[in-house]
Amino acid sequence: MPEFTVEVPDGRLDIGLCVRSGQVFRWRQTEPGVWFGSDGPTWYRVHTGSELRVETNADREAFESYFRLDWDAEEIEAQILKRGPELEPYMRELRGLRLLRPACAVEAFYGFLCTPNNNLTRIVKMNDHLSRHAPIVGREGGEAVHGFPGTEEIARLDEAMLREQAFGYRAATIPHVARQVLGRGGDSHIESLRGAAYAEVHAELLTITGIGPKLADCICLFALDHTEAVPVDTHIWQAATRLFFPEWRDESLTGARYRAVGDALRSRFGKLAGWAQQYLFYENLLKWRERKAQSG
């Protein structure tokens, strides 16, 4: 089993902050200072401290790619602040947050199909249930660690069984999406979308029944490494109207406004738009109740 240490400049990587920020769903803290997570068939056990001690069934390169350590966080923060100084308090509050790059696009694709109209606790449980339809790849704390099923396996899942596991209406939509993807080439089709242009990929995803604009952007950003994607949910809408579109503060999020917010962040931050939105999203997720109480 590979084991290695990784030194990261102080404050440039907070494992807990990254894996709890809604980008991935199969990570947990197993004991103080220790995080365990999966990425398809790959698993990581990370001991935090002055340096990171990593145990995994992959290698150092995979770990560094996952946490995007090949991107200079200090330079990225400088570029974001140069283009959007309004984000300074958000970035200071969330120091160590990074945009992740999972290797398993298939897991991220279907994992985000669990997210619409849902909360993080239920999303995590749903992803855990889906993973149990894949082979065991290791053990942690005496429990089996599974990989993640492919499109063919998910297409065969029984709707009634998924409803018993509290998937709600997603019990129908997830296998239905998988069957459509299977008709386009299955897992290989999902992987191929990494290489196309963002606009083309977003448009392609919208042709799949069950995937709308926000879900398409989530898949683009978190599954397919299109870092200019900006998923506009309630939290991004609140942040955007607070910082960039105050004239819309009391208005609803329409399709036209969805596009306007995404285009505005892409225009300002370019390929870093997705990284910038992650600060806005997670800060608002953590503080929206506090802001609501203060405004009330």
Side-chain angles (χ1 to χ4, degrees), residues 14-30 35-39 90 93-94 97-100 102 104 106-133 143 146 148-149 154 157 159-178 205 210-223 229-242 252-253 258 261-262 274 277-296:
D14 185 318
I15 298 289
L17 199 59
C18 291
V19 302
R20 291 179 299 183
S21 64
Q23 303 183 64
V24 291
F25 307 114
R26 290 207 296 149
W27 281 78
R28 66 185 187 276
Q29 189 172 23
T30 57
W35 291 88
F36 185 90
S38 302
D39 175 23
Y90 300 78
E93 181 82 12
L94 299 175
L97 177 63
R98 302 179 74 98
L99 184 64
L100 303 182
C104 185
V106 172
E107 172 173 345
F109 181 97
Y110 291 106
F112 271 92
L113 290 181
C114 299
T115 64
N117 305 308
N118 213 348
N119 62 61
L120 189 56
T121 299
R122 290 181 63 196
I123 294 166
V124 167
K125 290 180 179 178
M126 291 162 69
N127 272 261
D128 181 63
H129 178 78
L130 289 177
S131 76
R132 295 181 186 185
H133 294 273
E143 297 182 6
H146 294 261
F148 202 85
I154 292 175
L157 293 179
E159 177 182 344
M161 178 272 294
L162 291 177
R163 287 190 181 276
E164 289 177 0
Q165 296 296 324
F167 275 66
Y169 71 88
R170 305 164 204 85
T173 59
I174 292 174
H176 181 55
V177 167
L205 292 171
I211 296 181
K214 181 179 79 69
L215 185 51
D217 271 320
C218 286
I219 292 169
C220 282
L221 180 59
F222 300 117
V230 179
V232 183
D233 69 345
T234 297
H235 295 292
I236 291 296
W237 176 244
Q238 291 175 358
T241 56
R242 186 168 59 248
S252 299
L253 177 59
Y258 182 100
V261 171
Q277 75 81 38
Q278 194 61 27
Y279 285 110
L280 294 173
F281 165 80
Y282 199 42
E283 194 274 350
N284 200 79
L285 176 65
L286 295 174
K287 292 193 172 182
W288 72 270
R289 289 186 179 86
E290 177 184 330
R291 288 193 176 101
K292 185 176 180 180
Q294 290 174 349
S295 64

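Residue numbers count from 1 along this sequence.
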Quick one: [atom1] on [X] to [atom2] on [Y], what's the gap to the nearest 0.5 Å?
X: Leu97; Y: Cys18; atom1: CG; atom2: SG; result: 5.5 Å
X: Ile236; Y: Tyr282; atom1: CD1; atom2: OH; result: 13.5 Å
X: Phe36; Y: Thr30; atom1: CZ; atom2: OG1; result: 8.5 Å
X: Ser21; Y: Gln278; atom1: OG; atom2: CD; result: 4.5 Å

Taking it one step at a time, do Leu99 and Phe222 satisfy side-chain contact (heavy atoms from CB on, under 4.5 Å)? CA-CA 8 Å; Leu99 184 64; Phe222 300 117; 4.0 Å; yes
side-chain contact (heavy atoms from CB on, under 4.5 Å) evaluation trace for Trp237 with Asp233: CA-CA 6 Å; Trp237 176 244; Asp233 69 345; over 6 Å; no
Sequence neighbours excluded, which residues qualify as salt bridge (charged side-chain N to carboxylate O under 4.0 Å, His left out) partners of [X]?
X: Glu164; result: none
X: Arg163; result: Glu159
X: Arg20; result: none

Could you pull out all residues at least two apart from Asn118 that satisfy side chain to side chain contact (heavy atoms under 4.5 Å, CB included)?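 Testing Asn118 for side chain to side chain contact (heavy atoms under 4.5 Å, CB included), a comparison that skips the adjacent residues, returns Arg122, Ile123, Met126, Arg170.
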Could you work out, with side chain to side chain contact (heavy atoms under 4.5 Å, CB included) as the rule, every residue matching Ala223, not counting sequence neighbours?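 So Ala223 forms a side chain to side chain contact (heavy atoms under 4.5 Å, CB included) with Ala108, Ile219.
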With sequence neighbours left out, write down each residue that passes side chain to side chain donor-acceptor pair (under 3.5 Å) with [X], or none if nothing qualifies.
X: Ser131; value: none
X: Tyr258; value: Asp217
X: Asn119; value: none

Looking only at heavy atoms, what is the nearest atom pair of [X] and [Y], with distance?
X: Asn284; Y: Ala239; value: OD1-N, 4.3 Å
X: Leu221; Y: Pro231; value: CD2-CD, 3.9 Å
X: Asn127; Y: Gly111; value: OD1-CA, 3.1 Å
X: Cys220; Y: Leu205; value: SG-CD1, 3.9 Å
X: Pro149; Y: Val106; value: O-CG1, 3.8 Å
X: Ala178; Y: Ile154; value: CB-CG2, 3.7 Å

Main-chain N/O of [Y] paired with [X] side-chain donor or acceptor, under 3.5 Å:
X: Gln165; Y: Leu130; result: no
X: Gln238; Y: His235; result: no
X: Arg26; Y: His146; result: yes

Residues that [X] engages under ring-ring contact (aromatic ring centres under 6.0 Å, His included), provided they are two or more places apart:
X: Phe25; answer: Phe112
X: Tyr90; answer: none
X: Trp35; answer: none
X: His176; answer: none

Taking the six-membered ring for Trp and the single ring otherwise, decide whether the centroids of Phe167 and His129 are under 6.0 Å apart.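 When the ring centroids of Phe167 and His129 are compared, they turn out to be within the sub-6.0 Å range.
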With side-chain contact (heavy atoms from CB on, under 4.5 Å) as the test, would you mind laying out the steps for Tyr110 and Leu113 before giving the verdict? CA-CA 5 Å; Tyr110 291 106; Leu113 290 181; 3.5 Å; yes
Pair Phe148, Asp39 - check side-chain contact (heavy atoms from CB on, under 4.5 Å), show working. CA-CA 8 Å; Phe148 202 85; Asp39 175 23; over 6 Å; no
Are Phe281 and Val230 packed together at the side-chain level, in the sense that at least one heavy-atom pair is separated by less than 4.5 angstrom?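 No, side chains not in contact.
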